[in-house]
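So that the names make sense, note that chain A is the first sequence line, chain B the second, and so on, each numbered from 1. All values below come from the heavy atoms of this structure, side chains included, with hydrogens, waters and symmetry mates left out.
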2 protein chains.
Amino acid sequence: MMENEIFRALADPTRRSIFEKLAAGGMNASSLRDGMEISQPAMSQHLSVLRKAGLVREERQGRFVNYEVDPDGLLLIARWLGKYRAYWPARIDALKILLKDMEP
Amino acid sequence: MMENEIFRALADPTRRSIFEKLAAGGMNASSLRDGMEISQPAMSQHLSVLRKAGLVREERQGRFVNYEVDPDGLLLIARWLGKYRAYWPARIDALKILLKDMEP
DNA sequence: GAATCACATAAGCCTATGCTTATGTATTCT
DNA sequence: AGAATACATAAGCATAGGCTTATGTGATTC
C-alpha cells in the first residue's frame, strides 16, 4: 500500500463516491451499485483499486463480499497531510497538538 | 478550486515532489527544476495544475514567478479527511477534538 | 532596441485509465 | 447435479494525462 496508490485511487470521483458510501456503513458490491448507474464490472474494478490502495477492505460472506472502509488508508493521508502542518490554515491549527503522535 | 482538482493534482508523483519541495520554502520555477530532471514546459504545466487546484499560489517578481504552498488546498484535504473521522485509527484519535472547528 | 532570460502555451505523441462486453469462478438454492 | 446469484477477470476501445518540441510573452540587461 503506497501513498501513490492512495492518491491515484482518490483521483477518480466515482471512487470517492464509493468510498463515501462505504463510510456510511459497510456493504456488499451489489448494494453499493444501488442508485449509482455503474456496471457490475466497473464497480468491481473500482473496489479493487480502492482495496489495493488500502482505503477499503473486504470480507467474504457466503457469495457476497462485504466491503468497508480501511482506516489504514486514511492514516496514510493523515500522515501526508501532517508533513505540511506548517502551512495549515489557522482554522486547523489545533491539529498541531496531536501531530506529535502521528509521526512515523 | 474543487476537491476533484486537488486529488487529481496529487495523483501524480512528480507533482507531489514539487509540492513537497515548495513546502520547504517558496521558490521560482527554475529553482524548482534543480536536481529534478524535468523539462521547463513540464514544470510549468505541473505548476499550473497545482495552482488551479489551490495547492500552490504564485507571485510574479520581475521576470521570475515565485511559487509557494497555498494553505487553502490543504484545508480542503483536511476537510475531506474530516468527513471520515469515524474511521480514523486510534493513533490519530486526538484529531477528533479539533474537528468541531473544521466543519464547514 | 536587440538580445537574453524566465516562464507560459500550443500541438502532437504515447501511455494510462475507466468503461464496455464477454466470460470465469465461487457459493447457494432447489 | 444443475440453475441461479454475486462477484472477478479478460480483452478491447476511447478518452485523459503527462511528456516532448516548438513558439509565444513579458521582463531585464547590455
Parallel, tilted or perpendicular for B:Tyr84 and A:Phe19, by the 30°/60° rule?
perpendicular

In whole angstrom, give the distance that lies between atom CD of A:Gln61 and atom P of C:dT28.
11 Å

Spacing of B:Asn4 atom CG relative to C:dG18 atom P, expressed in whole Å:
11 Å

Between B:Ser31 and B:Asn28, does the side chain to side chain donor-acceptor pair (under 3.5 Å) criterion hold? Intermediate values first, please.
CA-CA 5 Å; B:Ser31 305; B:Asn28 58 57; 2.9 Å; yes

Reading DNA chain C from 5' onward, which residue's closest nucleotide shows up sooner: A:Gly62 or A:Gln45?
A:Gln45

So, B:Ser17 side chain and B:Pro13 main chain: donor-acceptor pair closer than 3.5 Å or not?
yes

Quick note, salt bridge (charged side-chain N to carboxylate O under 4.0 Å, His left out) partners involving residues 11-25 of chain B, not counting sequence neighbours, are A:Glu3-B:Arg16, A:Lys83-B:Glu20

So, is B:Tyr67 close to the C:dA6 phosphate, meaning a side-chain N or O under 4.0 Å from OP1 or OP2?
no

Minimal heavy-atom distance between B:Leu76 and B:Met2, with the atoms involved, is CD1-C, 4.3 Å

As an exercise, state the distance from CG of A:Leu74 to CZ of A:Arg79, rounded to the nearest 0.5 Å.
12.0 Å

Take the protein atom CD of A:Glu59 and the nucleotide atom C1' of C:dT27, then report the distance between them rounded to whole Å.
16 Å

Report, as yes or no, whether the 6.0 Å neighbourhood of atom CD on A:Gln61 holds more than 12 heavy atoms from other residues, nucleotides or ligands.
yes

Which sits closer to the 5' end of DNA chain C, A:Arg63 or B:Asn28, going by the nucleotide each is nearest to?
B:Asn28

Round to the nearest Å and state the distance from B:Phe7 atom CZ to D:dA16 atom C1'.
19 Å

Going by the side-chain contact (heavy atoms from CB on, under 4.5 Å) test, name the single residue among A:Ile18, A:Leu50, A:Asp72 that passes it with A:Val56.
A:Leu50

Can you tell me the distance, in whole Å, between the CZ atom of A:Phe64 and the P atom of D:dA8?
13 Å

Between B:Arg85 (side chain) and B:Gly82 (backbone), is there a donor-acceptor pair under 3.5 Å?
yes

Between C1' of D:dA8 and CG of A:Leu47, the distance in whole Å
11 Å

With the threshold set at under 4.0 Å for non-hydrogen atoms, list the residues of residues 33-44 of chain A touching DNA chain D in residue-number order.
A:Gln40, A:Pro41, A:Ser44

Quick one: B:Arg60 CZ to D:dT28 C1', roughly how many Å, whole number?
11 Å

In residues 10-23 of chain A, what residues come within less than 4.0 Å of DNA chain C, judged by heavy atoms?
A:Asp12, A:Thr14, A:Arg15

